[in-house]
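Since the structure comes first, as structure tokens, the remarks are kept for the end.
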Amino acid sequence: MTRKQRDALLTLPETEVEVLRHHMLGPADLAAVNQCRTPETRLSYALQLCCLRFPGRYLSRGELLPGIMLDHIADQVQADADVITLFARRGATRYQQLTSIKQRHGFRDLSRPLRDELTAWAQDEAVGLTDGRVLLDRLIERMRSARIIIPGISVVERLAATAMHSADLAAIAEIGALLSPPQCDQMDVLLSAKVHRQQSRLSWLRAPAGGVGARSLAEILDRLDLVRNIVGDAPARLPLHLNHRMAQMAREGSLYTAQAFQQMNAPRRHAVMMATLSELATTLTDAALSMFQSLVGRANLRAKKRLEETIAASAEQGRARLLRIAEVLDAVVTAVRSESDVTAAVAVIAPLDTIADDAAIIRRTLRPGRPDVLGELAPEYHVFRKIGARFLSSFAFEGGRAVQPLLAAIAVLGGIGGDRRKPLPADVPLGNIERRWSRYVFTDNSIDRSYYELATYFILANALASGGVWVVTSRIHRPLEKLLAPASPATPTQPVALVHAFNAEDYLADRMAALDAALLNTERHLSGKDAAIFADGKLRFPKEPRGDNEQEQMRAVTARLYAMMPRVRITDLLDQVNHRLHRAFLPCLHRIATCGSARLHGRIDR
């Protein structure tokens, strides 16, 4: 931390809210203060007591006290704030008061037993933390609540740093206990083995995916298989309280090179590499799912392009083709009536191959149903035949009841493994086939295997995009329950006391007693106030002076509010005003409108 951040942790309260919250003296406190004889000793006793409570440290000699804090405490002990100049004229008086405050109010110095107890508590708190500043704040609050006097922020900072270091070593040891020697050896091989002359195997695993294609998807699956073989089930056996620290190690590991890993000691290297590889497995899972969806999208675009080309070609050549077929029919009719050679008559008009092509195109154009993209997907099957079955068997897809037929079809295709020699089983799931795929999948009382697989792949891609199907090990396509689950278990709290039966009379009596006590306490604290704060039977409180930081924040908020307001031409605004006022101020508005069409920011004051 910077010096300014350190000083802010144990600074004296400088706002009215903080002073009222931390420096209110109770009856027992005032009784102890009134045992002092002179106003300056009463004020010094109260100041040291309040400073030990918040911020929890000793009041330094010659320290500059905030005016609002000094006035508030001086009013409570019925002393003039000017007697602060006589504060601690005798050092013995100051130390005698500190000794009395410690004995009477239970404040303790940070001795060796307390330091050991606080260190053990901080180590337990640091297990689930990755930010040392959070632990530092908790440690300060712990010392305040236990009435342990804070000797200095550097001492607390060293305690927090020691606790964070111990928690880090404990996490490394806990992760290392889950790793077997073969796993550690495989991690070391990743750092030393080379894919080629200048790239380590770890760098190859981190390399971004290539262009959309079956080869790129196969390479991603190869990397994922290698990472899974190394990691195994170790991440699933890790305790939940290590999730944050594993995430932190993964962020660190993503920045380390193979040479940087090799310079670490073995336990830390293996722990950081385990976190890095676990995160890399999730990243590769998302990359594989995204690549699969890109393959489906590319196949759909190619089929759409072919359909458009076919329609365009049919439109351009359709008239000539129909005229040629009409001439062929006329020639056939004329030849039959004249009992001449039909083949010769047709050959005069066009070759037989051309006529056959025309007939095939006409049949294709006039096939049942409207032409759609699905009918042009058959040429794309070879891409999914290469990688589809391996992709399906590489992940454990899950989903709700509505997608169970789809999950069953995925299991069947993954089990076949893309082997065309293995036929589809007789009880192959058909509930996943949507209506628009039916006329392509079911042909001649049989199942077109190519279109059945294509339909399964396309429906799976849509289900992944909609969230109907998910993969637990993915970050993007994971179930909603896992997305909403906390990353670490809840902190155990004190047991909640049982609530007794509610009684309106008792509740009102308790509230009235609390109100009376608060009013009497207010009256007692206001008895010595200056009469000037009472005016017209009302109690006035002086406004707290605003600092530069608060004014900057107000300016920033004001600027944001003005920026959110729409911009309108002044002529349009005046036109609306004129319409609403029914031309009541038309001459005046006309003079204003001649000033131009400047844009108006903010609001218009009357």
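Contact annotation: the side chain of P479 never approaches that of E398 to less than 4.5 Å [non-hydrogen atoms, C-beta and beyond]. In this structure, L424 and I416 have side chains that are in contact, with non-hydrogen atoms separated by less than 4.5 Å. In this structure, the side chains of L430 and V428 come closer than 4.5 Å at one or more pairs of heavy atoms. Between D188 and H270 there is a side-chain heavy-atom pair separated by less than 4.5 Å. Looking at E308 and K304, their side chains come closer than 4.5 Å, going by heavy atoms from C-beta outward. Contact annotation: the side chain of L280 never approaches that of R223 to less than 4.5 Å [non-hydrogen atoms, C-beta and beyond]. Proximity of M249 to I172: side-chain heavy atoms (C-beta onward) are separated by under 4.5 Å at one or more points. Here the side chains of Y440 and D448 are not in contact, with every heavy-atom distance at 4.5 Å or above.
To the nearest 0.5 angstrom, Q123 atom CD is 10.0 Å from L135 atom CG. For the atom pair OH of Y451 and OG1 of T443, the computed distance is 10.5 Å after rounding to the nearest 0.5 Å. For the atom pair M291 CE and L284 CG, the distance stands at 11.5 Å (nearest 0.5 Å). Here CG of L277 is found 11.0 Å from OG1 of T283. Values are rounded to the nearest 0.5 Å. Atom CG in N300 sits 12.5 Å away from atom CG in L295 (nearest 0.5 Å). Atom CE of M564 and atom CG of L561 lie 6.5 Å apart (nearest 0.5 Å).
For residues 325-335, there are no side chain to side chain donor-acceptor pair (under 3.5 Å) pairs, not counting sequence neighbours. Screening residues 245-256 for side chain to side chain donor-acceptor pair (under 3.5 Å) gives E252-R268 as the qualifying pairs, with residues at least two apart or on separate chains.
When the side-chain contact (heavy atoms from CB on, under 4.5 Å) test is applied to P423, no partner is found at least two apart in sequence or on another chain. Residues passing the side-chain hydrogen bond (donor to acceptor under 3.5 Å, both in side chains) test with T343, sequence neighbours excluded: none. With sequence neighbours excluded, no residue satisfies ring pair (Phe, Tyr, Trp, His ring centres under 6.0 Å) with W204. The salt bridge (charged side-chain N to carboxylate O under 4.0 Å, His left out) check on E174 picks up nothing, with sequence neighbours excluded. Looking at residues two or more places apart in sequence or on another chain, you find no ring pair (Phe, Tyr, Trp, His ring centres under 6.0 Å) involving Y381. For the salt bridge (charged side-chain N to carboxylate O under 4.0 Å, His left out) test, no residue two or more places apart in sequence or in another chain qualifies with D427. Looking at residues two or more places apart in sequence or on another chain, you find a salt bridge (charged side-chain N to carboxylate O under 4.0 Å, His left out) between E380 and R302, R306. With sequence neighbours excluded, no residue forms a side-chain hydrogen bond (donor to acceptor under 3.5 Å, both in side chains) with R401. Residues satisfying the ring pair (Phe, Tyr, Trp, His ring centres under 6.0 Å) test with F292, not counting sequence neighbours, are F391.
Considering all non-hydrogen atoms of both residues, A281 and V227 come closest at CB-CG1, 3.8 Å. The minimum heavy-atom distance linking W470 with G400 is given by the pair CH2-N, 4.0 Å. Closest of all the heavy-atom pairs between V403 and G468 is CG2-O, 3.7 Å. Across F397 and L392, no two heavy atoms sit closer than the pair CE1-O, 3.7 Å. In plain terms, the two heavy atoms of A288 and L217 that are nearest each other are O-CD1, 3.6 Å. When all heavy atoms are compared, the tightest approach of L226 to R201 is CD2-NE, 3.7 Å.
Of the possible polar contacts, none joining the D575 side chain to the T571 backbone as a donor-acceptor pair under 3.5 Å is found. The main-chain N or O of V212 is never found under 3.5 Å from a side-chain atom of S216 such that the two would form a donor-acceptor pair. Put simply, the side chain of H244 never gets that close to the backbone of H241: no donor and acceptor are under 3.5 Å apart.
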Would M187 and T276 count as a side chain to side chain contact (heavy atoms under 4.5 Å, CB included) here? Give the steps. CA-CA 11 Å; M187 292 181 188; T276 304; over 6 Å; no
Can H477 and Q293 be said to form a side chain to side chain contact (heavy atoms under 4.5 Å, CB included), step by step? CA-CA 12 Å; H477 304 282; Q293 290 177 309; 3.6 Å; yes
Set out, in order, the CA-CA distance, both residues' side-chain angles and the distance that settles side chain to side chain contact (heavy atoms under 4.5 Å, CB included) for D168 and M164, then state yes or no. CA-CA 6 Å; D168 192 35; M164 291 296 294; over 6 Å; no
Begin from the C-alpha positions of D286 and T282 and carry the test side chain to side chain contact (heavy atoms under 4.5 Å, CB included) through to its verdict. CA-CA 6 Å; D286 291 334; T282 303; 4.2 Å; yes
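With respect to the salt-bridge test (charged N to carboxylate O, under 4.0 angstrom), the residues E453 and R449 qualify. Salt-bridge check for D419 with R421: passed, with a basic side-chain N closer than 4.0 Å to an acidic carboxylate O. D222 has a carboxylate O that lies under 4.0 Å from a charged side-chain N of R390, or vice versa, which qualifies the two as a salt bridge.
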Show me the donor-acceptor pairs within less than 3.5 Å that the side chains of residues 175-184 make with the rest of the protein, sequence neighbours left out.
{"from": "S180", "atom 1": "OG", "to": "Q183", "atom 2": "OE1", "distance (Å)": "3.3"}
{"from": "Q183", "atom 1": "OE1", "to": "S180", "atom 2": "N", "distance (Å)": "3.0"}
{"from": "Q183", "atom 1": "NE2", "to": "I230", "atom 2": "O", "distance (Å)": "2.9"}
{"from": "Q183", "atom 1": "NE2", "to": "V231", "atom 2": "O", "distance (Å)": "2.8"}

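Residue R420 qualifies as enclosed at atom CZ: its count of foreign heavy atoms under 6.0 Å is above 12. Crowding of K305 atom NZ: a count of heavy atoms from other residues, nucleotides or ligands under 6.0 Å not exceeding 12. Within 6.0 Å of CZ on R298 lie more than 12 heavy atoms contributed by other residues, nucleotides or ligands. Residue R337 places its CZ atom among 12 or fewer non-hydrogen atoms of other residues, nucleotides or ligands, all under 6.0 Å distant.
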